[in-house]
Amino acid sequence: MDETAPMSTDPLTAAAQILCRSTRVVCLTGAGVSAESGVPTFRDAQTGLWAQFDPEELASPAGFQRNPGLVWRWYMSRLAMVEQAQPNPGHRALAQLERILPHFVLITQNVDDLHERAGSQRVIHLHGSITRFRCSQCGAPYQLQPQDREAEMPPVCRLCNGWIRPDVVWFGEPLPPEALVQAWDETGQCQAMLVVGTSGVVYPAAQLPVVAREHGATLIDVNPEKGPMADLADIFLQGPSGVILPQLVEKTIACRGDQHET
Ligand code: BV8
Ligand code: ZN
């Protein structure tokens, strides 16, 4: 399939043609890209003993102030799931896109490190990382200790005695300014945005695909369900990202005629 071929009527082929003809591609991922790794999505009914709690309540400063022990234990259980999880073919396909396309930047809402463990190097974390910890009062970084994982309460900061917290962005907290500026800048300059595994309900991240469209970028949505992102997108690829993305990468390589891809 050469670069000048007319756009295919097959959505997957058309999406590959868009990617291989774009010089700057941005990808926005949500919790869905980690679902096939066994990491529950944010809005999936909470599993087990967490089923009785609202994640938006637990992932908030008020929730932490009200019950630091409960929130700490919730993050320790999620961290354990992330550490036991392996990157899935969807994560690996996105790492491959970074290698074959001239300019590819991955913007993620996820707090896990599966993109990095799959080999992605240019990753912008809008909501922080569950693998990092800091003091909730003075902000000093904190190295998690083995005994912290089973503790009833969060550890306390040795500098100011404040509670230690995960270095994630809670509801009602501002996103890291440098990540926001970089994400907005990349989105404003891309020719194509790949949106993968997000319900598109959390702002300001959910604004990025709208910004991309406003700048004339082509929007491709990958999701098993037809949500708000599918309506906004030019191309909707319905299915799990672990299945769709490897197929998309294979067609993109064919379109670019890259023979040397590893
Ligand atoms: C801020 C870190 C201001 C923590 C997270 C009313 C209207 C508009 C906005 C608001 C409002 N009220 C409040 C707000 C603001 C609020 C917000 O947007 N609320 C929403 C709920 C309405 N936003 C904020 O508070 C943000 N901050 O606005 O600050 C400010 C400014 C200056 C100064 C002070 C304050 C902060 C938002 C960040 C919150 N933190 N995470 C943690 O994780 O513990 S967000 C959390 O939800 C997750 O990180 C996740 O990234 C995010 C979004 O969820 P998704 O990733 O989309 O996941 P979800 O479960 O929703 O969907 C999964 C999708 O995957 C589904 O579509 C499903 O179909 C699909 N899927 C399933 N399986 C697969 C799949 N896809 C592909 N393959 C599969 N196999
Ligand atoms: Zn401190």
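Counting starts at 1 for both ligands and their atoms, in listed order.
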Listed once per pair and sorted, the ring pair (Phe, Tyr, Trp, His ring centres under 6.0 Å) pairs that draw on residues 130-151, sequence neighbours left out: Trp72-Phe133

Ligand 1 atoms in contact with Ser199 (distance to a heavy atom under 4.0 Å): 57 (O), 59 (P), 61 (O), 62 (O), 64 (C), 67 (O)

Val169, Leu245, Leu237: member with heavy atom nearest to atom 2 (C) of ligand 1: Val169

Per-atom contacts of ligand 1 with Glu173, taking only distances under 4.0 Å to non-hydrogen atoms: 1 (C), 26 (C), 27 (N), 29 (O), 36 (C)

With Glu116, the side chain to side chain donor-acceptor pair (under 3.5 Å) member among His125, Gln121, His91: His125

Part of Ala35 with heavy atoms under 4.0 Å of ligand 1, whether side chain, backbone, both or neither: side chain

Selection from Ser129, Pro174, Pro228 by shortest heavy-atom distance to atom 31 (C) of ligand 1: Pro174

Between Asp113 and Thr131: side-chain donor-acceptor atoms closer than 3.5 Å: no

Ala31: numbered ligand 1 atoms lying under 4.0 Å from its heavy atoms: 55 (P), 56 (O), 58 (O)

Within-cut-off N or O pair, Val196 and ligand 1, under 3.5 Å: no

Straight-line distance of Asp112 CG to Leu79 CG, nearest 0.5 Å: 10.5 Å

Close side-chain approach of Trp163 and Phe64, heavy atoms under 4.5 Å: yes

SG atoms of Cys160 and Cys135 less than 2.5 angstrom apart: no

Sub-3.5 Å N/O-N/O distance, Glu56 and ligand 1: no

Any N or O of Val111 closer than 3.5 Å to N or O of ligand 1: no

Under 4.5 Å side-chain linkage, directly or through intermediates, the cluster mates of Leu175: Val26, Leu28, Val105, Ile107, Ile124, Leu126, Val169, Leu180, Trp184, Met193, Val195, Leu208, Val210, Val211, Leu219, Met229, Leu232

Atoms in ligand 1 with a heavy atom of Val202 nearer than 4.0 Å: 18 (O), 37 (C), 47 (O), 52 (C), 53 (C)

Whether His127 side chain and Gln109 backbone form a donor-acceptor pair below 3.5 Å: yes

Glu36 (side chain) donor-acceptor with Gly242 (main chain) under 3.5 angstrom: yes

Contact with ligand 1 for Gly242, non-hydrogen, under 4.0 angstrom: no

Near the Zn ion (ligand 2) (under 2.8 Å) - protein N, O or S atoms: Cys135 SG, Cys138 SG, Cys157 SG, Cys160 SG

Partner of Ser241 by side-chain contact (heavy atoms from CB on, under 4.5 Å), out of Leu248, Thr29, Leu94, Val196: Val196

Flag, side chain of Glu186 to backbone of Leu106, donor-acceptor distance under 3.5 Å: no

Note, Asp148 side chain near Ile164 side chain (heavy atom, < 4.5 Å): no

Arg78, any N or O under 3.5 Å of ligand 1 N or O: yes

Gln109 and ligand 1 - part of the residue with a heavy-atom distance under 4.0 Å: both

4.0 Å heavy-atom contact, Gly172 with ligand 1: yes

Whether Ser37 side chain and Val39 backbone form a donor-acceptor pair below 3.5 Å: no

Donor-acceptor contact present, side-chain Gln17 to main-chain Ser8, <3.5 Å: yes

Numbered atoms of ligand 1 (with element) below 4.0 Å of Glu36, judged on heavy atoms: 78 (N), 79 (C), 80 (N)

Interfacing atoms of ligand 1 (cut-off 4.0 Å, heavy-atom, Trp170): 36 (C)

Val201 and ligand 1 - part of the residue with a heavy-atom distance under 4.0 Å: backbone

Polar contact flag for Gly197 and ligand 1 (N/O pairs, less than 3.5 Å): yes

Residue pairs, two or more places apart or on separate chains, that pass salt bridge (Lys or Arg N to Asp or Glu O under 4.0 Å) and touch residues 225-239: Arg213-Asp234

Close side-chain approach of Leu144 and Met76, heavy atoms under 4.5 Å: yes

Option set His127, His125, Gln238, criterion heavy-atom distance to atom 41 (N) of ligand 1, minimum: His127

Note, Cys190 side chain near Val25 side chain (heavy atom, < 4.5 Å): no

Element-labelled atoms of ligand 1 that are located less than 4.0 Å from some non-hydrogen atom of Tyr75: 4 (C), 42 (C), 44 (O)

Numbered atoms of ligand 1 (with element) below 4.0 Å of Gly30, judged on heavy atoms: 56 (O)

Closest candidate by heavy atom, reference atom 70 (C) of ligand 1, pool Val33, Asn223, Asp112, Ile244: Asn223

Heavy-atom nearest option to atom 57 (O) of ligand 1, drawn from Thr198, Leu175, Thr41, Ile130: Thr198

